[in-house]
Protein chains: 2
Amino acid sequence: MLGFEHHDHHSCIRSGVAAAEAHCMAEGLQFTPVRRRVLEILLERHAALGAYDILDVLRDEGLGSQPPVAYRALDFLVSNGFAHKIERLNAFVACTHMGEDHNPAFLICRDCDAVAETQADTARGALAKAAGSTGFRVERLVVEAVGLCPRCQQVTPA
Amino acid sequence: MLGFEHHDHHSCIRSGVAAAEAHCMAEGLQFTPVRRRVLEILLERHAALGAYDILDVLRDEGLGSQPPVAYRALDFLVSNGFAHKIERLNAFVACTHMGEDHNPAFLICRDCDAVAETQADTARGALAKAAGSTGFRVERLVVEAVGLCPRCQQVTPA
DNA sequence: TGCGATTTGTTATAGTATAACATATCATCA
DNA sequence: TGATGATATGTTATACTATAACAAATCGCA
Ligand SMILES: [Zn+2]
Ligand SMILES: [Zn+2]
Ligand SMILES: [Zn+2]
Ligand SMILES: [Zn+2]
């Protein structure tokens, strides 16, 4: 899991983009400049970004200035598993398990909005079981934990 | 768990309101007409309702006509555990475990927006463990499963 | 009754997201 | 290569969700 710790962020961006590009190539999807750039922005910041934050960057770079441009790119990235939407924040993050089939769960710091992605396999199993007994069929699962990241626990104890 | 099945809805409304009222009495909280009515509306519909849906009802009944009226009542209900917010839908549902300390999880039908509340204890345990290893401290947990309810599986197979 | 705290009323505005349609680009094949 | 249908982008307008700020009313309690 990619958490709150340090890491080689430069290579993390490069490999993320590369994985997405490879996947698009393989699937015949168009990895257009806007889509690529939005993914890069998400990877660069490594945090939850609102659609309008992303749009601001795109606008500065002349890649688009209206909301639909950002939302469409984000829809593409989310649909193809390159990014996730954090419902709690109305924001988006790059996926840290590009291409792998996984059950993402997110740890969201209520102080600094940092987001870490981890796995929710156990949760999915338990939920699917409970749901199954009522006849409900689970298709997607949103798991978002809100709390304090290690960094903010020092600044804001209690 | 209160699922998608039939139940004595009339008594379900009454007991929900009664439980909230009792809790407010015990805690010295003001269970005002607007707050009571919003809880009743949520219990009556037994579905996820947007703040503006609720506001429409309040307006018809002369209980308030501006967004803050609905949002304040909802904040009160959510803060005190009488209702939950469904992040995925930007909507609210009455709690089905009034007063009990619990880890709610929701089963959301993507077709009819019906919502059932169940328990996410296993998920919470697993998440807290995974999070703990990174130093993250979980305070609240959002678990929302999106899929098809029994009813909609018949109408919309596949 | 008086006073501080809480709740409600109201206006205005901020923030998030999509509908609809015109234009441009891409992918393919005749 | 050049036509063509599909996909993606540009743009305008608007819908939906949520909160800030302040005034007025009400409540809880001394
Ligand atoms: Zn990184
Ligand atoms: Zn933090
Ligand atoms: Zn009921
Ligand atoms: Zn349904």
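These numbers come from a predicted model, not from an experiment. Order of the sequence lines fixes the chain letters, A, B, ..., with proteins taken first and strands second; residue numbering starts at 1 for each chain.
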Open item on the list: At 4.0 Å (heavy atoms only), tell me whether A:L63 reaches a base, stays on the sugar-phosphate, or touches nothing.
Closed with: sugar-phosphate

Open item on the list: If you only use heavy atoms from C-beta on, which nucleotide in C:dA17, D:dT11, C:dT10 is closest to the side chain of A:N90?
Closed with: C:dA17

Task: Closest to side chain of B:T32, choosing from C:dT7, D:dT19, C:dA19 - done: C:dT7

Open item on the list: By nearest atom, which of the nucleotides D:dA18, C:dT10, D:dT11 is closest to the B:P68 side chain?
Closed with: C:dT10

- [ ] Examine the side chains of A:Q119 and A:H102 and answer whether a donor and an acceptor come within less than 3.5 Å of each other.
- [x] no

Open item on the list: Distance check needed: C:dT7 P versus B:L74 CG, whole Å only.
Closed with: 15 Å

Task: Distance in angstrom units between B:D53 CG and D:dC16 C1', rounded - done: 11 Å

- [ ] Examine C:dT18: is either OP1 or OP2 under 4.0 Å from a nitrogen or oxygen in the side chain of A:Y71? Give yes or no.
- [x] no

TODO: To the nearest Å, give me how far apart CG (A:L49) and P (C:dA17) are.
DONE: 13 Å

Task: Distance in angstrom units between B:L55 CG and C:dT8 P, rounded - done: 14 Å

Open item on the list: Checking contacts here: which listed nucleotide (D:dT17, D:dT11, D:dA8) is nearest the side-chain heavy atoms of A:Q30?
Closed with: D:dA8

Task: Base C:dA14 paired with A:Y52 side chain (donor-acceptor, <3.5 Å) - done: no

Open item on the list: Need to verify one output field. Residue with the more 5' nearest nucleotide on DNA chain C, B:S65 or A:D75?
Closed with: B:S65

Open item on the list: Taking the minimum atom-to-atom distance to the side chain of A:R72, which one of D:dA18, C:dA17, C:dA20 wins?
Closed with: C:dA20

Open item on the list: Any carboxylate oxygen within less than 4.0 angstrom of a Lys/Arg side-chain nitrogen, looking at A:R37 and A:E44?
Closed with: yes

- [ ] Report yes if a side-chain nitrogen or oxygen of B:K85 is closer than 4.0 Å to either non-bridging phosphate oxygen (OP1 or OP2) of D:dT17; otherwise report no.
- [x] no

TODO: Starting at atom CZ of A:R88, determine the distance to atom P of C:dT16, rounded to an integer number of angstrom.
DONE: 15 Å

Task: Sidechain N-carboxylate O distance under 4.0 Å for A:E87, B:R88 - done: yes

Task: Polar side-chain atom of A:D75 near backbone of A:R72 as donor-acceptor pair, under 3.5 Å - done: no

Open item on the list: Rounded to whole Å, please give me the gap between CZ in B:R36 and P in C:dT7.
Closed with: 16 Å

- [ ] Classify the nucleic acid contact of A:F76 as base, sugar-phosphate or nothing, counting any heavy atom under 4.0 Å across all strands shown.
- [x] nothing

Open item on the list: From CD of B:Q66 over to C1' of D:dA24, roughly how many Å is that when rounded to an integer?
Closed with: 15 Å

- [ ] Could you tell me the separation between the CZ atom of A:F31 and the C1' atom of C:dT25, rounded to a whole number of Å?
- [x] 18 Å

Open item on the list: Quick test of your reading of the model: are B:R36 and B:E21 salt-bridged, counting only N-O distances below 4.0 Å?
Closed with: yes

